Each structure stands twice: as structure tokens, then as C-alpha cells.
Amino acid sequence: MHAESAPGRSPSDAFPTGAGLFDIVTLRSIEARAAQRLGDAAELMRRAGQAAWRTLLEHWPDLQRIAVVCGPGNNGGDGYELARQALGAGRDVVVVRLDMHAPRSELAIGAAERYRADGGRVLVFESALPACDLVVDALFGIGLARAPEGQAVGLIAAINAAAVPVLALDVPSGVDAASGAVLGVAVVADRTLEFIAAKAGLATGAALDHVGERSLADLDLTAADREGRPPVAGLLKADDLACWLRPRRRDSHKGGNGRVLCVGGDLGHGGAILLAAEAALRSGAGLVDIVTRPAHVAAALARRPEAMVHGVDAVAEGLLEPLLEKADVLAIGPGLGLDEWGRKLFGTARGARRAVLDADALNLLAQGAPAPDAGVVLTPHPGEAARLLGRSAAEVQADRLGAARTLATRFGCAIVLKGAGTVIAAPDGRLRVLAAGNPGMAVGGMGDVLCGVVAALLAQGLDAFDAACCGALLHSAAADAAAAGAGERGLLPSDLMPWLRRLGNPLHRFPPTSPEAARDE
Ligand SMILES: NC(=O)C1=CN([C@@H]2O[C@H](COP(=O)(O)OP(=O)(O)OC[C@H]3O[C@@H](n4cnc5c(N)ncnc54)[C@H](O)[C@@H]3O)[C@@H](O)[C@H]2O)[C@@H](O)CC1
Ligand SMILES: [K+]
């Protein structure tokens, strides 16, 4: 990854092992091309039904009574095809539909007729689902156009209230597959089987509480069907860390591993910048300076003697210059505050070569303060992103991919939009989504750690987008590892430190050990 890393594969520009995530327009055009090649529009629907049946058998082989909730479009058609398979296998299957949701698309009408011709039962939903062992949700897929209303709301509520497993076909009904937003109400599935390709929206935001386990049936489409129709984003998994984090060169030295200057920690928030600094050290930065309030110096040194801690009360022009000159990267914002102290520090830090802006540095940016102009990574949570965009946090959450992309182009920076399904965006349009992280991370100080991790990776030579991707992934993977042993509730940002070190050396051959043994020495 840097002059200090042993030679190896350079970090891939494409997502290394993760899956591609597609937008809906691209998906529809892949589907249209495949349908044309097959010369039979119903063939893909048949394949979808067969794939769904295989998934059902794989995960719930013994369940006998199956209720398949079918909507009016092709998603419902997939449901009818699945119901035919179940019928053919001798299962007790019933299709449930709403009165107003009789099949409307030509393909769905055909599938429903075949199901009927096979002797299949159809029940119109009134207020309760029939007794069953499993529900298949084939109400709405990628064609959901607005929030479910009327009886559809009751039907979705009944699915969610049924104390049986739910298998969603393509999309949990009510989730917008493009953005991941929930349009009013949505099915909470145990498993979602997507067709043709993974949808970008299902990897982030509210969708994550609805999809359950995700799997994919590509319906045997060919490379030609996909040609010229690339994914909009890449899904990053913990295994991808090895692409960036190569072993160090044997003759590596501290100066070559980068110097990070951490600025922040106003009175009352001293721990924030300490967490960032410690995370930078544990993520491999060669040297770390902290500029904070003098009142915090002794405690910082007691906790982390490896850091060089500088106490500052009166901030004057040029104060940071000597440190900035030595630093490869500035990490500014954790605990910075919006008072005069924080404002002045932010104002005097403009000369940074490269920078990570977090927390109050983002709020100052949103208020119009100028940012350093090279190699910048912004790490907003949805509230900070909203302030930067002049929108509400709810609007950001309703379109996380779009918000991250807009921020990246507007500020010309790499963006890490935090929250479930973290989104990373580059000004050139590249997008990545993390398949790592857990709700234990929703605790004060977690973002400060991320700031330090990304800064350390920048300092070790990754460019802004790679440092953002690798840093966010390392941070979330460390949180997953830390939560695996003792649970999500009560997870502390400090708990990530030993795991940052361990996962930051993905190619190291560790002796067999327990997670406890990996704790900070
Ligand atoms: N065409 C094909 O050959 C294939 C289709 N597939 C399936 O087709 C789905 C897409 O099908 P469609 O485009 O027909 O769309 P959907 O079946 O997802 O839904 C569209 C239908 O629902 C109605 N609708 C949308 N929002 C509504 C709301 N809030 N309340 C009430 N009605 C609403 C629309 O008017 C339309 O009738 C995919 O998700 C996938 O499941 C896949 O199986 C692949 C093959
Ligand atoms: K569905």
C-alpha cells in the first residue's frame, strides 16, 4: 500500500472480492436483454420460481404449509411460479392476494393461470393469513412505486405478525430497492432471495432491518446479458482488507509509516481526540501528535505514552504550522467544539497536506469554514451529512447512496457516510457499501476511532478513497470482532483497539488464540 509495505498486489480500483450492487434501471435493462435472448418472456419468471423453491427447500426442508402472498406485478408472478413448484412437490400451498391485487401484468396473469390449471388454491386476504408454517412474500418487488396503502398495509402487518419464517422474493415488500428506504410499512423477512443481481438499496439504511439473510439467484444470465451494464457500487467485506493491508517491508521505519496530527478534544470532550489518536496508532501510523487542551495532556500521556501531546489554550495564527509541516495527515474534529477554540484551530489547520474531517470540523465546514484542499476524507454521520447538504437527516437516510455521492461531488472529497450499511463515495462517482458493522457501534466515541483509522491509512500512503474504504471496513470489522465475543450492547470504542491491530494485519499468521488473548497488552 505504500513504500513501507512489501511489494504485492496494488489495491484494486474495483471492489476486490465483494459483489456488485446494481441500480434498478440497469437491472431492468439486463432483464430485458436476457428476456429477448431467451425469446420467451416467461422463462425468467419460471427460473425465479424454481430458484425460490430451491432456496425454500434448502433452508426450510420440512415445512409443509406454505402461504404465498402474491401482488399484481411480476413479483407476484414469481410467487405463483414458486407456488406451482410447491404444489408439484405435494406441499399444502395457498396463494393469498388482495382483491385489488389480482394479477395485472401479462406475465403474472400467465403464471397465475398455470398455477390455477395445476389445481392451486387462491385466497383473497381479508384480515388474517391462513394457518401456515412459512410465508413467501411476493407482494411487491422492484416495481414498488409508492407507499403501500389500504389493505396492503394490513397484509404486510399480518405477515410481520405471523410467528413463522418469511422468505421475501427479490425485495421485502415495502422497501424501495433503489434507495433502501422503507415506504411506510415493509415486510421484515428472515431471508431475501434476490433475482438477477443484488440491488444497491438493499445493502444500506432501513432496508437492513428488513432483508434478513440475503442470497442471490442470477437466473443463469450470461456475461453478454450484463455487458456494458456495470454495477453502481461494490459491496466490501472483511476479507477485502488483505487487498490494501500488505505486510510491511522488513526495513520499514517510523517516519515512513506516516505522521498523524490529531486536533480536538475541547474541555468536556478530551477523550474524543485521544480515541482518534490511539486508533491511529493501532492502525499503523508511525508517529502521532495530539493538539488538545492543556488540561488533558497528563491524562492522555498516562493512557497512551506513545503519543506526543501538546496542550494549547490560546490559539494564534501560525500555532499549528510547525506540527502541520511535519505531519503527513491532519485528523481534526473529534471533540473540537464550535466555540472560539475549535474555530480557530480549524482555521489555522488549512495548510494540511491531507486531512480527515470529522464531527465538529464537519459542522464548521457546513457553516462555511474553508477546508484543506488536498486529499480530504469527510466522515459524516447522517446528521452531519444533512447539515453539509442543507437537508434533514431523514432525507439523507431516505437516499443514502445519493447523499454520499452528492457530498463527494459537491466537496470534491472522499465521503464515508456512517450508519448501518456505511456508504463510501468518491468525487468520480465510485461507490462502495460495507457489509460489516453492527448496532453496537451506535455509541459515543465510535466515530472518533474511525477518524483515527482513516488518518493512519492516509498516512501510510493510501489515497483518499482507498483510505476511506479500507478504514471504514477495518473499523466495522473490528467492531464485529469485538461484538462477537461479548455482544453488541455495551460495546465500547476502546474495545476496538486490539482488533484494529489484529485485523489490520490480515496476512499475518497468528498462533491459535482466543479473542480474549488478543486483548491489548
Ligand atoms: N419480468 C421478468 O421476467 C422477471 C421479473 N422479475 C420479478 O418482477 C419484479 C418486478 O416486477 P414489476 O415491475 O411488475 O413490479 P412489482 O411486481 O414489483 O410491482 C408492480 C405492481 O405493483 C403495483 N404497485 C406498485 N406499488 C404499489 C403500491 N404501493 N400499492 C399498490 N400497488 C402497487 C404496480 O402498479 C404494479 O402492478 C421483480 O422484483 C422480480 O420479482 C424477476 O423474477 C425476474 C424476471
Ligand atoms: K417481495
Side-chain angles (χ1 to χ4, degrees), residues 1-18 234-260 276-288 306 328-329 331 354 356 375 377 379 414 416 422 424 426 430 432-437 441 446 449-482 484 493 495-511 513 515 518-521:
M1 68 194 224
H2 182 256
E4 296 301 307
S5 294
R9 268 186 307 158
S10 61
S12 170
D13 206 31
F15 33 93
T17 62
L235 192 66
L236 294 177
K237 301 186 179 140
D239 288 350
D240 298 328
L241 285 171
C243 291
W244 291 289
L245 298 167
R246 312 299 306 168
R248 282 189 171 167
R249 299 170 68 105
R250 306 316 303 167
D251 66 348
S252 172
H253 64 94
K254 65 186 178 195
N257 288 319
R259 184 161 182 159
V260 175
E278 187 168 352
L281 283 163
R282 286 301 189 195
S283 305
L287 292 161
V288 172
E306 296 85 353
D328 297 291
V329 177
R354 320 178 77 196
V356 184
V377 180
T379 56
V416 180
T422 289
I424 302 110
R430 283 175 294 166
R432 304 289 181 265
V433 183
L434 292 192
M441 298 172 78
M446 203 50 91
V449 171
L450 174 68
C451 176
V453 175
V454 175
L457 296 172
L458 276 173
Q460 289 167 85
L462 293 192
D463 74 17
F465 184 63
D466 280 328
C469 289
C470 180
L473 189 57
L474 178 56
H475 179 245
S476 286
D480 287 346
D495 297 338
L496 271 58
M497 301 300 173
W499 291 106
L500 291 175
R501 180 180 175 192
R502 194 175 173 85
L503 299 175
N505 294 286
L507 300 175
H508 181 84
R509 292 166 69 91
F510 292 99
T513 182
R519 283 276 137 78
D520 212 346
E521 305 83 45

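Values in this document were obtained by computation on a predicted structure and should not be read as measured data.
When every heavy atom of Phe510 is checked against every heavy atom of Asn505, the shortest pair comes out as CE1-O, 3.7 Å. For Ala242 against Pro506, the heavy-atom pair with the smallest separation is CA-CG, 3.6 Å. Counting all heavy atoms, side chain and backbone alike, Ala436 lies closest to Leu473 at CB-CD1, 4.3 Å. Shown here for Ala280 and Val288, the closest heavy-atom pair between the two residues is CB-CG2, 4.0 Å. Heavy atoms only, all atoms of each residue included: Val377 and Ala468 are closest at CG1-CB, 4.0 Å. The shortest heavy-atom contact between Gly375 and Leu458 is O-CD1, 4.1 Å.
Atom-to-atom distance recorded for Asn257:CG and Asp328:CG is 10.0 Å, nearest 0.5 angstrom. Put simply, CE on Met497 and OG on Ser283 are 8.0 Å apart, with the number rounded to the nearest 0.5 Å. Rounding to the nearest 0.5 Å places CZ of Arg282 at 13.0 Å from CZ of Arg502. The CD atom of Glu306 lies 11.5 Å from the CG atom of Leu287; values are rounded to the nearest 0.5 Å.
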Subject >> Intermediate values then yes/no, side-chain contact (heavy atoms from CB on, under 4.5 Å), Met446 and Leu496 >> reply: CA-CA 9 Å; Met446 203 50 91; Leu496 271 58; 3.6 Å; yes
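Tested against Val329, the residues Gln460, Arg259, Arg354 include a single side chain to side chain contact (heavy atoms under 4.5 Å, CB included) partner, Arg354.
Under the 4.5 Å side-chain criterion, counting only non-hydrogen atoms from C-beta, Leu474 is in contact with Leu241.
Comment: Asp239 does not engage Lys237 in a salt bridge, judged by the lack of any side-chain N to carboxylate O separation of less than 4.0 angstrom.
With sequence neighbours excluded, the residues that form a side chain to side chain contact (heavy atoms under 4.5 Å, CB included) with Ala472 are Val416, Thr422, Ile424, Leu434, Leu450. Scanning for side-chain hydrogen bond (donor to acceptor under 3.5 Å, both in side chains) contacts around Asp480 gives Asn438, with sequence neighbours left out.
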